[in-house]
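The next block holds one structure in the form of structure tokens; read it before the comments.
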Amino acid sequence: MMVGRRNLMVGSAALLAGCDKVIQQPAARRILFMGEEMHRGLQRALVNRNALAPEFTPEQRSPFFRPNGTRDPGTADYAALRAGNFADWRLQIGGLVTRPLSLSLKDLGAFAQRAQITRHDCVEGWSAIAKWQGPTLGDVLKAAGIRDGARYIVFTCADQYRGAPYYESIDLVDAFHPQTILAWALNDRFLPVMNGAPCRLRVERQLGYKHAKYLMRIDAVASLDGIGKGKGGYWEDNVDYDWYAGI
Ligand SMILES: Nc1nc2c(c(=O)[nH]1)N[C@H]1C(S)=C(S)[C@@H](COP(=O)(O)O)O[C@H]1N2
Ligand SMILES: [Mo]
């Protein structure tokens, strides 16, 4: 049985109908939001986190994979990397790992490759199907060696929002999910700049904003407290999107 977040939310909305005055009180609000956190935790517990996202046939691919959010980071550093066809780009893997890595595109290509045709769902209401290829994040993290105490994987990107890099994070269940890959190819070509060149995250069981483009750093951390404002991602910190955006 699956209890969707929507059902749970409808349930709590019904329970709370007519409680406007109570909700104004800080203590009541704390309890209300505590409940919401519990609902999210419950959803995570009830959904099989290792289940695969649907995959599609080549014919089902969208004719065009539209870009969203940043279409070109536009910084001097990124422009220089792009001018050199990303030969000088390195993806840093650090934080709570035993062997920090600095990986070129060639290095990413030397890992076992996974290709998958999946549907991307943006929270703004559009979807597109495309083929992605790259090593699994799990293999890359195994090469770096996750240390005891690591609980989250944080992604730092080349593009800036309000003067700071875009960032996102996932837990270790999603990090080691077989369809979670560091994609450097889209529909059998190198990633276009608008879709996150030279490398972006695909975390297929979650909504589009979790799929960090323009990857520069990947860090294993014990807690999200020191990251941005502490909610684990740019949109989570600034627009109140859910950190766990399971679909
Ligand atoms: N670095 C970075 N990653 C990002 C974004 C962004 O603006 N910057 N936008 C996110 C959102 S909201 C979506 S829907 C997808 C869009 O991916 P696309 O541009 O390949 O369509 O990237 C996500 N990852
Ligand atoms: Mo999105």
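In this structure, L96 and A222 approach most closely via the heavy-atom pair CD1-N, 3.6 Å. Summarising the geometry of L224 relative to S169, their closest heavy-atom pair is CD2-OG, 3.6 Å, with the distance given to 0.1 Å. Of all heavy-atom pairs spanning R200 and N195, the tightest one is NH1-O, 3.1 Å. Listed here is the closest heavy atom pair of I93 and A144: CG2-CB, 3.9 Å. Here the closest heavy-atom approach between residue A158 and residue T75 is recorded as O-CG2, 4.1 Å. Residues V173 and R49 share a closest heavy-atom pair of CG1-CB, 3.4 Å.
Using a cutoff of 4.0 Å between basic side-chain nitrogens and carboxylate oxygens, R90 and D107 are not scored as salt-bridged. Salt-bridge formation is not detected for the pair R114/E204: no Lys NZ or Arg NE/NH1/NH2 atom is positioned less than 4.0 Å from an Asp or Glu carboxylate oxygen. Looking at R151 and D171, no side-chain N of the basic residue comes within less than 4.0 Å of a carboxylate O on the acidic one, giving no salt bridge. For the pair E168 and K213, the salt-bridge criterion is not met [side-chain N within less than 4.0 Å of a carboxylate O]. A salt bridge links R82 to D72: one of the charged nitrogens lies within less than 4.0 Å of a carboxylate oxygen.
Remark: Y241 OH is packed, more than 12 non-hydrogen atoms of other residues, nucleotides or ligands lying under 6.0 Å away. The environment of R99 atom CZ is dense: over 12 non-hydrogen atoms of other residues, nucleotides or ligands sit within 6.0 angstrom.
In summary, the side chains of Y244 and R205 do not present any donor paired with an acceptor at a separation below 3.5 Å, with no hydrogens or angles considered. No side-chain donor-acceptor contact under 3.5 Å links N238 and K231. Of the N and O atoms on the side chains of Q113 and W184, at least one donor lies less than 3.5 Å from an acceptor on the other residue. Side chains of D174 and T180: no donor on one and acceptor on the other come within 3.5 Å.
Residues R202 and H120 have side chains in contact (heavy-atom distance under 4.5 Å, counting atoms from C-beta outward). P165 places none of its side-chain heavy atoms less than 4.5 Å from the side chain of D159. Side chains of I218 and V154 form no contact here, defined as non-hydrogen atoms less than 4.5 Å apart. Side-chain contact between I146 and I153 is present, with heavy atoms from C-beta onward closer than 4.5 Å.
Here the rule is side-chain hydrogen bond (donor to acceptor under 3.5 Å, both in side chains) with N187, and of K131, Q133, R61 only R61 fits it. The residue from L52, L137, I170 that alone fulfils the side chain to side chain contact (heavy atoms under 4.5 Å, CB included) condition with H177 is L52.
Under the 30°/60° scheme for interplanar angles, the aromatic rings of Y214 and Y78 are found to stand perpendicular. Relative orientation of the F65 and W126 rings is perpendicular, given thresholds of 30° and 60° on the angle between their planes. The aromatic rings of Y152 and W243 stand perpendicular to each other, their planes meeting at an angle above 60°, with 30° marking the opposite boundary.
From I117, atom CD1 reaches atom OG of S62 across 11.0 Å, with rounding to the nearest 0.5 Å. Atom CD of residue Q116 and atom CZ of residue F56 lie 11.5 Å apart, to the nearest 0.5 angstrom. Separation of atoms CG (L207) and CD (E124) is listed at 11.0 Å; rounding is to 0.5 Å. For the atom pair CG (L103) and CG (L91), the distance works out to 5.5 Å, reported to the nearest 0.5 Å. Expressed to the nearest 0.5 Å, how far CZ of F86 lies from SG of C199 amounts to 11.0 Å. The NZ atom of K210 sits 12.0 Å away from atom CD1 of I247, with the distance rounded to the nearest 0.5 Å.
Side-chain atoms of H211 come within 3.5 Å of backbone atoms of V203 as a donor-acceptor pair (strictly under, hydrogens ignored). For T70 (side chain) and P73 (main-chain N/O), no donor-acceptor pair under 3.5 Å exists by modelled atom type. Between the D219 side chain and the V221 main chain, no donor and acceptor come within less than 3.5 Å of each other. Side chain of D88 to backbone of L81: no donor-acceptor contact under 3.5 angstrom is found.
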query: Please walk me through it: do W235 and Y167 pass ring pair (Phe, Tyr, Trp, His ring centres under 6.0 Å)?
result: CA-CA 9 Å; W235 296 110; Y167 52 101; over 10 Å; no

- request: Decide side chain to side chain contact (heavy atoms under 4.5 Å, CB included) for D242 and E236; before the verdict, give the C-alpha distance in whole Å, the side-chain angles of both, and the deciding distance to 0.1 Å.
  value: CA-CA 6 Å; D242 285 346; E236 292 89 327; over 6 Å; no

message: Set out, in order, the CA-CA distance, both residues' side-chain angles and the distance that settles side chain to side chain contact (heavy atoms under 4.5 Å, CB included) for R217 and L215, then state yes or no.
response: CA-CA 6 Å; R217 286 200 62 86; L215 291 177; over 6 Å; no

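L108 and F176 fall within a single hydrophobic cluster, where Ile, Leu, Val, Met, Phe, Trp and Tyr side chains are chained together by heavy-atom contacts under 4.5 Å. Under the 4.5 Å side-chain heavy-atom criterion for ILVMFWY residues, a single connected hydrophobic cluster contains both L201 and W89. M194 and L105 are assigned to two separate hydrophobic clusters, defined by single-linkage of ILVMFWY side chains at heavy-atom distances under 4.5 Å. Under the 4.5 Å side-chain heavy-atom criterion for ILVMFWY residues, a single connected hydrophobic cluster contains both Y161 and V239. No chain of hydrophobic side-chain contacts below 4.5 Å, direct or via other Ile, Leu, Val, Met, Phe, Trp or Tyr residues, connects I181 to Y209.
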